[in-house]
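Taking it in order: structure first as structure tokens, then the write-up.
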Amino acid sequence: MKMAMEVEEGSAAESEENDKTGENKTYGDDEGDQKPDPVHRVPRKRPQRIRVGLESDSDEEVSKSRKNRANQKSKEEGGEDGEDEEKGGKKGRGKNDKKNDKKGKKEKANKKKKDKKKSALLAMLLLRTCRLPRQVATDACMDRIVKSLSDCKHWMCEMDTVMHHSITPEKRVTMAIMKVATLTNLCFIGNQFSVDPCTAGMVICEVCQVLQDIIANSLICLHNPRQVIEGCKAMDSLSGSDSDSEEEPITEEELAKLKEEVEEKKKLIATLRNKPWKMKKKLAVLKEAQLFVEKFEGALGKGKGKKFYAYKVMMMKKWLKFQRDFENFKTACIPWEFKIKEIESHFGSSVASYFIFLRWMYGVNMILFGLSFGLVMIPEALMGKPYGTLPRKTVPRAEEANAMNFATLWDFSGFAQYSVLFYGYYDNKRTIGWLKFRMPLSYFLVGVGTIGYSFMVVIRTMAKNAHDDGGGDDTSFNFSWKMFTSWDYLIGNPETADNKFASITTSFKEAIVEEQESRKEENIHLTRFLRVLANFFAFCTLAGSGYLIYFVVRRSQQFALEGMDNLGWWERNEVNMVMSLLGMFCPTLFDVISSLENYHPRIALRWQLGRIFALFLGNLYTFIIALMDDINLKLEEEKIVRYNMTIWEASLYNGTIPENATAPPIQVDPADVPRGPCWETMVGQEFVRLTVSDTVTTYITILIGDFLRAVFVRFFNYCWCWDLEYGFPSYSEFDISGNVLGLIFNQGMIWMGSFYAPCLPAINIFRLHTSMYLQCWAVMCCNVPQERVFKASRSNNFYMAMLLFILFLSTLPVVYTVVSIPPSFDCGPFSGKTRMYEVIGETLEHDFPSWFAKVFGYASNPGLILPFILLMVYVHLGIYYLNATSKSYKEANLELKKKLQMVNILQGEQ
Amino acid sequence: MVSPAIALAFIPFIVTLLIRYRHYFLLFYRAVLLRWLRDHATGISREERAFQYVLTHAIPGDPQHILETFDHWANHREYLSNIGPQKGKILDRLIYENTPLTVLELGTYCGYATILMAQGLPMGARLYTVEMDPRNAAVAEKVIRLAGFDEDTVELIVGPSEEVIPQLKEKHGLLKADFIFMDHWKRCYLRDLQLLEDHNLLAEGATVLADNVIFPGAPHFLQYVKTCGKYQSKTHRTSLQYFRAIPDGMAELTYTGLH
């Protein structure tokens, strides 16, 4: 029976081709052969040889390692099997040889050689991984090893029946490694953490199951099996050294051995001077020996004493535990961390990147909210004049009747319009309350501060992220690293284990996609042509929709001139309808077009983002055009109102006390005073309305597009004529690009509008908060992961760049209105001034010493100073950015140095 | 009245739909519209037309050539819903590997898969094939005989599968089937599989191959197979017959019995 094993490998390989095929042929001999010639079948069989080589070697290994156990029976069985197969194989081979011509033989021989090499490699690998620490070599574990090896064999047989694609040797190696890896891991866990090996085994088996599925769908590919093996070796040596240093329970035997070693080292230290070595070597040896003695002396109960040593160890352990707990606590304090982790584990990092971005945005908005709420709204509400004292703080008589109706409030007019929520409510007194709070100045500075802070934060984050882009992790042993190191052995909770399981699988899928992408061979000219074509189509679509928007906006302006009264509903809402329809359908069209380009999904996402971004710019354009038109109308109206005001005041005086020139103040109810249109409040209202309606639309889209669709697909699948889940409607995927852009443009609206509606950050906070919960729920409940799960680049700098661009764009209209349009004469903190920024001059004049104001006055020719300030700001930001980047590069350098050292150490050990 | 601008805004949507589902539109045209038109023009059914073409163009007694003729007709004339060359290879390979002695086919249709399986069977093996529609069965009978398989090798049973399966043992002497190929109504897959289990017709280690589990789809069947624990299942992902761009799959189950 040992003989059967020791037959030359090639023939063994031939022999075990497949029991079935062997049977087949004998069968055919008996009954008369009707099948097509076996030349056909030779290539099909080829890959199996490797497996066989592996099998025989591993069997040998197992039998060696099981010498101490009574295993005669199983051995004999194995031997008999081998013999049987040998017979069958001889028959089969004889036949093959007969029918093959010479050329075929040559080829076969070559292949055999190659396969032999590979099988030898594999055997080496198996030997290596089967060499287990001695504590493990208990009966139960040995059983397990044998079983999983046989499983491995079995499973590979199964794999061979996947016939419409051949299995490459590389894949086979990976499969073997995966199988064996579970085994070592199993022992490792059982050993190190005294977990019941059975439960640990189950968890890992589950992971493996999924991995098998991945491979079964022919996804895996590796550059070079040798690489994997090298990786395994490295891992093996690493884990070996780790376990050596961490060994806790010391057996008698080991203790004795250790004692001996310590003694030896001590002797060495004593006699080092007499050695005929170089000084350098002497020093090194001395250092090593001293370290060793110091480390193990305590454990042996000698030297400084066992008690102190034990105390030190205990404190060390406590400290480590505390550190770990503290880390846990810190992660628990990050809002939504667990939700996002859960999503990441199921949907991959690309979807998670959206949620991380959302959370970041929430943080930024928190600051904006704090600024506007604490420095503008609260002081005005507490210290300013109460409601009803001034015309600007009162609802006009005409609107009083339905000022509290829900429809009016929902539209942010009525009482909402005449409250701290909007610009118009604020008083233009220089100071308010007993604190002498400088309201207009504060209002202006908060407006500037909001935008300045946003610039700072965006750029800082970009700089910080730049680091992550540069120093990527080494990709050499990607798969084996993932395989051996991804499981977290400290997980105790089944749900967490589930999540970890899912996340390992997704990370594997991601890695495989990357690998595939990097190995793709393609016709470059065709791809280029297709990409150009796709871009042409996308450009056509963009141009078409741009023209459509332009056309509709022109038309609506024309309508507005003619008067809105004689128009139908369609004409009045034409712009909105067209905008939202284009916003809904164009992204899907881009999606279809981008399938032409055949990019890696991560790059495809960027293109998609860029295209939709361009589309949404049209949106912004229409909105701003419409607003500017409105502002101009209101300004004209204001002129008329102002003129009428003088007449009204005159009539007031004339009617009551015509002869008295020094008129005493006349008491008129503030609600009755005629007032200007206050364009600032109008702008603020527009932005608030837009934000609210946008939020509502988003939520309704989620509810209908995702939730109802999922419900429909799920429950109607029982009674439908095709498979709804696999087929046409299916579940929706999470739309990363759309959601990210929605968030970015919404933030642009906030930046533009918050100057005229201080309540806007508050509304946005509410929106972000609810949408965090709603979207987390919707993703987990009604979406499916993308077909190709991909790894997002760790930094989301692309998002940040778009955000920066939008921030820049949205600053422009605000700056334009502040600098060039006079504020309304009867509402808001700046009423009575010709321009809003005059607040600064006023403050300088009143609150600073006169010389300061004078100096400043010379310098502050507005035409000169504004560009100068802007320039300074940008230069500073640039310097800041560069500074931060250089810092991150320094860190990366340090990291790389450390890695180099590590590599050196490893090499030295080997 | 809706303004033209709003109507124009729908263009991207329509273009998207057209591009994304173009293969399905084509399939609809070829499998439904064209069939209906030709049926009216010629007055005979599609299967008979196919048979006439095969009769005039194929070499009698050469199964491979008959299959190729079918493929040619389905590719160039009209769509035909037999399993096609691509999935045929999988079926062929499976038959080779398993060398079953008794094969049961549910859904003969034109006899394409029957010929394919029969030519790969070992000597003495027997193939039972069940067809519900008598007109299709008539065509299939002629096709099978044309390919040169006699009553001993291939037995055609006409009748709905839920009636035929219970009688298989008594009437037709089928005790255990080693290989089962399902390609009839997708909604009947689950019912028939359970019927086969109930009547104890599945041999230990028997292979069940179910066609079209993804495109028209048999969700309940797949769900049952994955959860009941009696089978080891594997899905071969390929494409629909004669339409490379429409994904489809075949489910291969190995019956392991209850243990």
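Owing to the predicted nature of the structure, the values given are computational and were not obtained by experimental measurement. Below, chain A is the first sequence line, B the second, and so on; all start at residue 1.
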Residue part contacting chain A, namely of B/P219, when any heavy atom lies under 4.5 Å: both

From A/L582 atom CG to B/L8 atom CG, the distance as rounded to the nearest 0.5 Å: 9.5 Å

Nearest atoms (heavy-atom pairs only) where B/T16 meets A/F585: OG1-O, 4.2 Å

Contact summary for A/N717 and B/H220, nearest pair of heavy atoms: O-NE2, 3.5 Å

Within 6.0 angstrom of A/F539 CZ, more than 12 heavy atoms from elsewhere: no

More than 12 heavy atoms of other groups within 6.0 Å of B/Y29 OH: no

B/Y24 portion near chain A, given a 4.5 angstrom heavy-atom threshold: neither

Enclosure of B/R20 CZ (heavy-atom neighbours >12, cutoff 6.0 Å): yes

Contact origin within B/L17 toward chain A - heavy atom pairs under 4.5 Å: neither

Reported CD1-to-CD1 distance for the pair A/I593 and B/I19, which is rounded to 0.5 angstrom: 6.5 Å

Heavy-atom neighbours of B/F25 CZ exceed 12 at 6.0 Å: yes

Value rounded to 0.5 Å, distance of OG1 in A/T588 from CZ in B/F13: 7.5 Å

Qualifying residue, where the test is side-chain contact (heavy atoms from CB on, under 4.5 Å) with A/L589 and the options are B/I14, B/I11, B/V15: B/V15

